[in-house]
Protein chains: 2
Amino acid sequence: MTAAGNHQASRPVGRRLERAGIRDVAAAAGVSITTVSDALNGKGRLPDATRRHVREVADRLGYRPSAAARTLRTGRSGLIGLTVTTYGEEPFTFTEFAYFAEMARAATSAALARGYALVILPASSRHDVWGNVALDGTVVVDPSDQDPVVTELVRQGVPVVSDGRPAGSLPVHAWVDNDHEEAVLGILDHLAAAGARRIGLLTGTSTDTYTRLSTTAYLEWCERIGQEPVYEAYPAHDPCAGAVAADRLLARPDRPDAVYGLFDPNGTDLLAAARRYGLRVPDDLLLVCCSESTGYAATEPPITTLSLKPRRIGTAVVQLLIDAIEGVGPAHPVQQVMPTELIIRTSSQRRPHRTTVSPPRTSARGEG
Amino acid sequence: MTAAGNHQASRPVGRRLERAGIRDVAAAAGVSITTVSDALNGKGRLPDATRRHVREVADRLGYRPSAAARTLRTGRSGLIGLTVTTYGEEPFTFTEFAYFAEMARAATSAALARGYALVILPASSRHDVWGNVALDGTVVVDPSDQDPVVTELVRQGVPVVSDGRPAGSLPVHAWVDNDHEEAVLGILDHLAAAGARRIGLLTGTSTDTYTRLSTTAYLEWCERIGQEPVYEAYPAHDPCAGAVAADRLLARPDRPDAVYGLFDPNGTDLLAAARRYGLRVPDDLLLVCCSESTGYAATEPPITTLSLKPRRIGTAVVQLLIDAIEGVGPAHPVQQVMPTELIIRTSSQRRPHRTTVSPPRTSARGEG
DNA sequence: ACCCTCAGAAGGAAGGTTTCTGCATGATCG
DNA sequence: CGATCATGCAGAAACCTTCCTTCTGAGGGT
């Protein structure tokens, strides 16, 4: 070839911040580039002496392999995406915020433990951002069937695992979800056992699977038990609408004597509404809502909540995703159903009804 | 040696879906690679006709530029890190969780709006993860002066902006923080104005700047006012220790008639402790704590909180970081002090003391 | 003495982009 | 009419690593 441009063999021009490259390490150690790569990555056949020597020199030079170059070469970036659908401008949903925060936390831990880092990417973010980051795979929270980003990713062959059953025929590699039907049935039974005669539901207008499955379970339970359904639906992403819906529910002529709210803020919404109507909780109204917020332990009265165990879900989702990325585990789609937990507090335990004064022999302090 | 045949079969998933490269686009469009690159990136001198044509072809082929290649070439990854110091295994601190969640949310939005994505990276995570991801810059939350990761990043010339004044001489490019002293003084004045005679403090044992500045401000206020300081300190990262410390504080012979708690859970901790000692809030004890949790609006009674406005901080931190990355803005370190907000609720407003029965002429419902 | 084997190490080709340089072409101007 | 210049586009280097292939001796078997 033309010997024209071959000049800068070992002279760093100095314009950069002098990050040592593998070349520099090779030169300093008196070996070839290949040997350096092999020594540092534990590959090839090298005597321990060489390996040690190379590592030492690399350390001395403060050598850090270029993530970009490695990614380009190996096709692996060590990055996995965490995608949430958004309403409006904010990257996270409001209603599921405590859930999402916990889930993201667990997912981050799990990813890290296997050497991956997590990138937060709202589904509706600028397309260029999605294009600009090399992802080995993606976790999608509550994917909608129309989600263009997820569809595109799947088309490109990027593994996708979803938290929540994928709506429609979205071809994700695996999903993890709670058994929402069972959870709702459990709550309804719990409320009925506490003495509820007419159980109401505060639900959402959106078509995601969580809302749909929960509502269906409620309706079926009503049919089975022979109770007329009493429910109000509202757009769950609107924080104010919940309070209004709670109020509407308790204003009905066929007012329920127990309510389950599907979304996190429903507990306080319902509590406020109950106060407005002079209803005592739990004496006149039993309350349960689905929430991860610890705040419900400190309301007056404390409110029984259903936890979806987001920690477990976040962990499971990431494990499945990384398995898919690394080719471990089954090639077929995996569906994993995780249990929920009902945290029973005062709001769903009816006190002996005769007297409101004498406490039922239990001291005020909870244990531990 | 022990490298027992790490033979990653080169077909883990087996489905590299022949992503179209820039070469393919060039061939299909009948132009050179250069022209494609220029056309898509809006550079070079090309007539609109060519530009349109190339874009069309690229679209038709579903061409997505390789993020890795672009990063390698340009040195920009479009990724910024979000680093939190950790206690134990969990990636986020417990005590600042609501704060962190809000802050991270705002940071994600701000980054996205400028075309960057956020990577969550605990400071104490495995070193290989740090090395494996190419960051254009990093946000560090509450950096400790001994943090090896941050030091290393700065050494490599990666821009670092911190949320919270950097401890020691950590050479960050900029920082954003609240005016903690002013916030504490404001709270103390507020409590004094509400009738507090002896204000206690629930603080932490750690040496971070938040704790230190707040405590100092308290002590100075006490000296100025002539009140004997009454405080308890506990390890803030231990969730149980807070409850114990709250109890200790209220058990003291010189029991305060008002308390400010520096950490998020202190509100409920103090409330529980007050109940145990039969103290009514706010009649016998005024309460304020620093928290971003909306739950404190629904406790009984609602608790006055100091908000550090994490949204604003997250946004500001990211703006400064990206400015530094892109070379916009001042080259000198920037310090930005953000205001706080005191959300006054029942727990810090002493009712007229004579009667506990008659409400002070205000109806129960707030104005909508 | 010769060939074969194998450890140890090096060479060099991708990998896909951006971008600097440079070559044509046709237009403009002195 | 020739020199200059703007325009439109192409070639190829560089970014840094990984890994497949090849080279070189040295030692051992026949």
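Lettering follows sequence order; numbering is per chain, from 1. The figures that follow rest on heavy atoms only: side chains count, while hydrogens, waters and symmetry mates do not. For clarity, every value in this text was computed on a predicted model and none was experimentally measured.
Nucleotide D/dC15 holds its P atom 15 Å from the CD1 atom of A/I22, rounded to whole Å. One atom, CG of B/L61, and another, P of C/dG16, lie 15 Å apart when rounded to the nearest Å. Here the P atom of nucleotide D/dC15 and the CZ atom of A/R70 are 19 Å apart, to the nearest Å. In this structure, A/L40 places its CG atom 11 Å from C1' of D/dT17, rounding to the nearest Å. As rounded to whole Å, 17 Å separates atom P of C/dG15 from atom CZ of A/R76. Rounded to whole angstrom, the span from the CG atom of A/N132 across to the C1' atom of C/dT17 amounts to 12 Å. With rounding to whole Å, B/D48 atom CG is found 16 Å from D/dC9 atom C1'.
Here the nucleotide nearest the side chain of A/R23, chosen from C/dG11, C/dT17, D/dC15, is D/dC15. In the set C/dT17, D/dC16, C/dA9, D/dC16 carries the atom at the smallest distance from any side-chain atom of A/S66.
Scanning all heavy atoms of the two residues, the minimum distance from A/P166 to A/W175 falls at CD-CD1, 3.1 Å. When all heavy atoms are compared, the tightest approach of B/A68 to A/T71 is CB-CG2, 3.6 Å.
Residue B/L72 is in base contact, counting any heavy-atom pair closer than 4.0 Å across all strands shown. Counting any heavy atom pair closer than 4.0 Å across all strands shown, B/T71 reaches no nucleic acid atom.
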Listed pairs, N/O of protein and of nucleotides 19-23 of chain C, under 3.5 Å:
| from | atom 1 | to | atom 2 | distance (Å) |
| --- | --- | --- | --- | --- |
| C/dT19 | OP2 | B/K43 | NZ | 3.0 |
| C/dT19 | O4 | B/T34 | OG1 | 3.3 |

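Of the charged side-chain nitrogens involved, none lies within less than 4.0 Å of a carboxylate oxygen, so that A/R55 and A/D48 do not count as a salt-bridged pair.
Residues satisfying the salt bridge (charged side-chain N to carboxylate O under 4.0 Å, His left out) criterion with B/R165, sequence neighbours excluded, are B/D177.
Each of B/S32 and A/A69 has a nearest nucleotide on DNA chain D; the 5'-most of these lies closest to B/S32.
Between C/dG8 and A/T35, no contact under 4.0 Å exists linking OP1 or OP2 to a side-chain N or O.
Side chain of B/T35 to backbone of B/V31: no donor-acceptor contact under 3.5 angstrom is found. Checked by atom type and distance alone, the side chain of B/S77 pairs as donor or acceptor with a backbone atom of B/A134 at under 3.5 Å. Between the side chain of B/H173 and the backbone N or O of B/P159 there is no donor-acceptor pair closer than 3.5 Å. In this structure, A/D136 contributes its side chain and A/G78 its backbone to a donor-acceptor pair below 3.5 Å. No donor-acceptor pair closer than 3.5 Å links the side chain of A/N41 to the backbone N or O of A/D38.
Between its two ends, the helix from C/dA1-D/dT30 to C/dG30-D/dC1 turns its axis by 60°, counting five pairs per end and rounding to 10 degrees.
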